[in-house]
Amino acid sequence: MNILDFIFFFIYVIIFYIIFFFRRKRYTDPVLRKYHRQSFWLKVFGTFFFCLFVIYLSPGDTTGLYYPEGINIAKMILKDPVNFNLITGSGKDFDQALLNDINNSGYFKEESNYMVTKLVTIFSFFTFGKFMAINLIFSMISFTGTWRLYRFFYEQYPHMHKQFAIAILYLPTFVFWSSGILKDPICTGALGWITYSLYTLFYKKSNPVKNIFIIVLFSYFLIVLKVYILVAYLPFFILFLLLKNVNLIKNKAVKTLLVLGFFTGSILGFVEITNSIQKALSKYASEGISKGIKNYQVNYQNQAEFVESNFSLGVEFDGSVGSLVKMAPAAVVATLFRPYLWESKKLSTLLSSLESLALMLFTIYVVLKTGLIRFFKPVIKSPIVMYCFFYSLIFALFVGATTLNFGTLVRYKIPGIPFYLIALFFILDFNKKIKKGPENIQAIAV
């Protein structure tokens with residue numbers, strides 16, 4: 001980075017500030033205005049420190065793959081417009097001889113890596129290829145999506161605006177790892193846009209063309225970048241949308257049949273979708289998803305003596321369903337609560353370990369405050385708690401089972417942590433309403 005990087009970063013901060021300033025003026029709610037302004041500046045500072053981190057402290061894919069190769073493709077296009085087909089083409093067709101760094105050979109066979117690189121190429125045309133400015137654009141994509149996610153929860157439960165802000169807008173690792181040239185900013189942004197658009201389309205029933213376009217666009221990005229997020233998320237969110245509408249039906253028998261029917265259908269659909277996209281989830285998918293998970297673990301264990309950040313779940317996985325069930329608690333705990341403080345050997349994992357400790361202590365507090373029975377009661381009674389809780393657990397299971405390195409775990413888990421934290425906040429709020437009187441339960445059970 002040089003002085004021009006900082007200058008262009010400052011210019012683009014001003015541009016985005018002006019855009020969001022006029023956008024914010026449309027809000028009549030002072031609460032939304034306050035959180036929108038604060039979360040914007042958090043993303044700006046998060047981007048600034050992320051850039052310093054990947055340049056001076058922990059270089060990785062951002063500085064070694066996505067940015068240099070993206071700039072390289074942009075230069076080739078400027079030199080000869082015929083090379084524009086590099087943006088419209090696929091990674092597997094990319095000529096390895098054109099790479100900026102021969103050490104990156106093979107990375108574009110994963111379409112997700114090529115997608116991020118192509119986005120860098122496109123954004124470089126608007127930023128003169130300046131590193132910090134491109135990082136800021138990635139960060140702002142994430143910001144627009146996470147803001148939609150905040151609005152989704154806030155519009156239904158405005159009294160919990162502080163809790164939602166903590167879980168979605170202020171969570172340190174979520175802000176940091178979604179603030180630069182990585183897959184994560186696009187994925188977190190896509191998750192928020194899909195959530196709010198589906199909610200607007202099926203519950204508010206407004207702007208169908210616009211919302212369908214948004215859903216298709218960002219679903220495409222998730223399918224290419226991290227399809228397992230979509231596979232874990234959609235069944236439970238669609239179930240929530242159905243249950244929310246079912247609650248408007250007064251006939252209990254009809255409610256029960258619809259809920260059971262859709263729940264069964266969503267589970268079967270989830271299994272079918274998972275089977276159909278195994279190749280996208282793992283290069284070992286031809287052996288089945290369970291064997292794919294096993295090979296992920298073996299790959300990490302084979303590198304254990306070279307990579308300090310590798311860890312073990314303490315459960316041997318032999319590819320059977322039984323061992324997967326045995327591994328599930330350890331995998332979920334690893335995603336939600338690890339790395340522990342004593343396992344954090346790098347600065348890049350220290351922030352996550354502190355956050356994981358806080359999340360563990362808060363979980364213990366909620367369980368002790370409510371008791372086990374009242375802890376799970378809102379998960380059963382409230383559609384929104386059910387959706388947040390089960391999505392976060394299923395997501396945690398997949399990430400924990402396939403990611404046995406703390407350096408990648410701290411990034412991969414961020415799309416699930418806000419939902420787990422929100423579920424805990426809902427459980428506390430639900431139990432407060434029970435203490436005030438049974439008539440208050442309905443306020444959260446919808």
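In this text, all values refer to a predicted model and were calculated from it rather than measured experimentally.
The aromatic rings of Tyr199 and Tyr203 sit parallel, their planes meeting at an angle under 30°, below the 60° perpendicular limit. Between Phe108 and Phe94, the ring-plane angle classifies as perpendicular under the 30° and 60° cut-offs.
With hydrogens and angles disregarded, no donor-acceptor distance shorter than 3.5 Å links the side chain of Gln163 to the backbone of Ile422.
In this structure, the side chains of Phe48 and Leu136 stay at 4.5 Å or more apart for every pair of heavy atoms. Contact annotation: the side chain of Phe202 never approaches that of Ile238 to less than 4.5 Å [non-hydrogen atoms, C-beta and beyond]. Side chains of Thr335 and Leu409 form a contact here, defined as non-hydrogen atoms less than 4.5 Å apart. Side-chain contact between Tyr157 and Asp429 is absent, with no heavy atoms from C-beta onward closer than 4.5 Å. Between Phe143 and Phe16 the shortest side-chain heavy-atom distance does not fall below 4.5 Å.
Taking the six-membered ring for Trp and the full ring otherwise, Phe237 and Tyr387 have centroids separated by under 6.0 Å. The distance between the ring centers of Phe9 and Phe6 does not fall below 6.0 angstrom. In summary, the aromatic rings of Phe174 and Tyr150 are positioned with their centroids too far apart to meet the 6.0 Å limit.
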Review item, side-chain donor-acceptor pairs of residues 125-133, under 3.5 Å, at least two apart:
residue : atom : partner : partner atom : Å
Thr127  : OG1  : Phe123  : O            : 3.0
Thr127  : OG1  : Gly129  : N            : 3.4

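Here the rule is side chain to side chain contact (heavy atoms under 4.5 Å, CB included) with Leu191, and of Phe218, Phe419, Tyr196 only Phe419 fits it.
A donor-acceptor contact closer than 3.5 angstrom links the side chains of Tyr35 and His161. No side-chain donor from either of Tyr107 and Asp61 sits under 3.5 Å from a side-chain acceptor of the other. Ser178 and Lys43 share a donor-acceptor pair across their side chains, judged by distance under 3.5 Å alone. Side-chain contact annotation: Thr117 with Glu69, donor-acceptor N/O pair under 3.5 Å absent.
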